[in-house]
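Right, one structure below, let's go through it.
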2 protein chains.
Amino acid sequence: MNVAAAHPTTVPAARRGPNAGFGRLEAIGVIRHLSPRESLVFEGDAADCFHRVLRGTIATYKATADGRRQIIAFFYPGDLVGFTAGERFAYGAEAIDRSSVCSVPRAKLGVLGDEEPALREGLLSALRREVEAAQERQLWLGRKTARERLACFLLECAGRTGQAGPDGGLSVPLPMSQLEVADYLGLAPETVSRTLAQLARTGAIEVVPPFAGVVVRDRHAIEAAAGESAPLPGGSA
Amino acid sequence: MNVAAAHPTTVPAARRGPNAGFGRLEAIGVIRHLSPRESLVFEGDAADCFHRVLRGTIATYKATADGRRQIIAFFYPGDLVGFTAGERFAYGAEAIDRSSVCSVPRAKLGVLGDEEPALREGLLSALRREVEAAQERQLWLGRKTARERLACFLLECAGRTGQAGPDGGLSVPLPMSQLEVADYLGLAPETVSRTLAQLARTGAIEVVPPFAGVVVRDRHAIEAAAGESAPLPGGSA
DNA sequence: CGACTGCTTGAGTCTGCTCAATAAAGGTGG
DNA sequence: CCACCTTTATTGAGCAGACTCAAGCAGTCG
């Protein structure tokens, strides 16, 4: 089977619960199409617009003066980029693959969506998920090995865009390059390649040839390699 | 001079702008006193309360099954711990030093502080600052060296609790131990000690003997060592 | 005054990075 | 349609920053 075909290239209508209530945004905003590598926002820009991903994948990132780059998050169709920003964007954003977004001026939402409680709810949810994701990644980047980070990343992607395959495998499309995975996980690209190869050698995953995605063959092995966090000392209720 | 005396041990009334409007919380909540190392919340707890720090310092953290720990953030008097959580806390929180908090049940705020726009504003601000801080730390942890992380950390602390000294130095109290700094910066405690010693050797900082804080002697040197992020390719407007 | 906790310092190791060369895939234009 | 060129991934060798293990020291608290 072709993993690339499993990409969710369009917005799954109302799939992401917390974003409900944003459906009418398309009516207000402007559609914009982006090629791979094309910038959507620059760090420091006035944050007068936010962007709903309609198709493709967007990455937000921060960079140091000497060119090192850290990808903060990946955004898929249905996600909101820059919704959580303050006055100015604290990060840049660019397209990973061929993407479309709907850009909505903040002003059009009233000061803070005062009228629309569902929208306010949605904003809070988006913010909360973004906080929790960023904090989780602090653990990844601060305390996990390359192998663990990769495993965590694959599980995250599996949870977002994974599709159960007919042969029992979990097919996970990966629209980003290995360089971008490296910039997300705080690793060198060579380390990503090597670690992926190592996971593949054990049979836990299978890499789809032109690095279009992976198939998770042994989910337990990946979960074990991810070195899960320890939520409850006594086990879950 | 005694750096420890510069600790902001009580809430600076209305010092933190975005938290304005929380003043009356103390009337609703319950005061709780914590000893060093005492837990305030556990990862996985139902998030039915949030906590305003009145005195001391609180750290939030995540841990792996094998005991590695990543400190997510430090909270000083005036800050709100757990305000941004969802249903359950995704992290634990414990006191760094002798601390007091005011614990406020979420239920007492209405569903989301619907009545009080200032409070809603405050919640959004708190969330936004937490997002931006967590994302900034992704850059630190993913792409910066031990030396850079330490320098960034010192600048962050200086911005929060630093006091200009009479001799031109910037006095920065550090209530946390080096182990806790290490857990915050994703380093080993030995590395923190060594790197701090190295910065002191160059004259950029001076460590106050019982590790109660540092005095920044050469701010430019620390800023240079921090390897600032690159916001604008062309310089700021 | 003694035990403990936290910091310092040293020696050796290792994970992951750098540099480099090769290979494969995809896009472009003739 | 094919040849070329660019981009991305793979693989190897060597290096180094940060970790681990370990011993010693100082300040604190009981």
Side-chain angles (χ1 to χ4, degrees), chain A residues 2-4 35-38 64 66-70 95-98 140-151 153 174-201 205-214 225 227, chain B residues 2-4 35-38 59 64 66-70 96-98 140-151 153 174-201 205-214 225 227:
Chain A
N2 184 358
V3 170
S35 322
R37 306 288 210 123
E38 194 176 345
T64 63
D66 59 348
R68 286 170 287 173
R69 192 172 78 141
Q70 176 65 42
I96 294 296
D97 47 7
R98 189 158 282 280
W140 294 8
L141 298 174
R143 289 302 185 205
K144 297 210 168 185
T145 64
R147 193 181 147 86
E148 288 170 329
R149 290 182 213 185
L150 238 314
F153 171 68
L174 296 175
M176 67 291 289
S177 68
Q178 289 191 16
L179 175 64
E180 287 156 340
V181 174
D183 281 344
Y184 183 53
L185 299 179
L187 301 170
E190 296 92 333
T191 304
V192 171
S193 176
R194 275 186 254 266
T195 309
L196 229 31
Q198 184 199 334
L199 286 173
R201 229 173 291 124
I205 63 169
E206 206 170 293
V207 178
V208 179
F211 195 67
V214 302
Chain B
N2 184 358
V3 171
S35 320
R37 307 286 208 125
E38 194 176 344
T64 62
D66 60 348
R68 286 170 288 173
R69 191 172 79 141
Q70 175 66 41
I96 293 296
D97 47 5
R98 189 158 282 280
W140 294 9
L141 297 174
R143 289 301 184 205
K144 297 209 169 188
T145 66
R147 192 180 148 86
E148 289 170 327
R149 291 183 212 184
L150 239 313
F153 171 69
L174 295 175
M176 66 292 288
S177 68
Q178 289 193 14
L179 175 63
E180 286 156 341
V181 174
D183 280 345
Y184 183 53
L185 299 179
L187 300 171
E190 295 92 334
T191 304
V192 172
S193 176
R194 275 186 253 264
T195 309
L196 229 30
Q198 183 199 334
L199 286 173
R201 230 173 291 125
I205 64 168
E206 206 169 294
V207 179
V208 179
F211 195 68
V214 302

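Heavy-atom basis, side chains included; hydrogens, waters and symmetry copies ignored. Sequence lines set the chain letters: A, B, ... in the order given, protein chains first and strands last, and positions in each chain run from 1.
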(request) To the nearest Å, give me how far apart CD1 (I96(B)) and P (dG6(C)) are. (result) 11 Å
(request) Let me know the distance between CG of L199(A) and P of dT10(D), rounded to the nearest Å. (result) 13 Å
(request) Return the nearest nucleotide to the side chain of L187(A); candidates are dA9(D), dC19(D), dC17(C). (result) dC17(C)
(message) Let's see if you can work this out: which of dG27(D), dC7(C), dC19(D) has an atom nearest to the side-chain heavy atoms of S177(B)?
(response) dC7(C)
(message) Can a donor-acceptor pair be found, under 3.5 Å and without considering hydrogens, that links the side chain of R143(B) to the backbone of R68(A)?
(response) no
(request) Using atom NZ of K144(A) as one end and atom P of dG16(C) as the other, report the distance to the nearest whole Å. (result) 13 Å
(request) Please assess Y184(A) against V192(A) for the test side-chain contact (heavy atoms from CB on, under 4.5 Å), listing each intermediate value before the final yes or no. (result) CA-CA 11 Å; Y184(A) 183 53; V192(A) 171; over 6 Å; no
(message) Checking contacts here: which listed nucleotide (dC17(C), dT28(D), dC19(D)) is nearest the side-chain heavy atoms of P210(B)?
(response) dT28(D)
(request) Rounded to the nearest angstrom, tell me the gap between atom CE in M176(B) and atom P in dG6(C). (result) 15 Å
(request) Whole angstrom is fine here: how far is it from CZ in F211(B) over to P in dG27(D)? (result) 15 Å
(request) Starting from P on dC17(C), measure out to CZ on R69(A) and report it in whole angstrom. (result) 16 Å
(message) Nearest heavy atom decides the nucleotide; on that basis, is L196(A) or R143(A) closer to the 5' end of DNA chain D?
(response) L196(A)
(request) Find out whether T195(A) and R149(A) are in side-chain contact, i.e. whether some heavy atom of one side chain is under 4.5 Å from a heavy atom of the other. (result) no
(request) State, yes or no, whether a side-chain contact exists between L150(A) and T191(A) at a heavy-atom distance under 4.5 Å. (result) no
(message) Expressed as a whole number of angstroms, how long is the span from R201(B):CZ to dT8(C):P?
(response) 11 Å
(message) From C-beta outward on A197(B), which listed nucleotide comes closest to its side chain: dA18(D), dT11(D), dT9(C)?
(response) dT9(C)
(request) Would you please confirm or rule out a distance under 4.0 Å between OP1 or OP2 of dG6(C) and any side-chain N or O of R37(B)? (result) yes
(message) Is a donor from one side chain sitting under 3.5 angstrom from an acceptor on the other, for E180(B) and S177(B)?
(response) yes
(request) Could you tell me the separation between the CZ atom of R194(A) and the C1' atom of dT22(C), rounded to a whole number of Å? (result) 14 Å
(message) Would you say T191(B) places a side-chain N or O within less than 4.0 Å of OP1 or OP2 belonging to dA18(D)?
(response) no
(request) Look at the side-chain N and O atoms of S193(B) and state whether any lies under 4.0 Å from the OP1 or OP2 oxygen of dT8(C). (result) yes
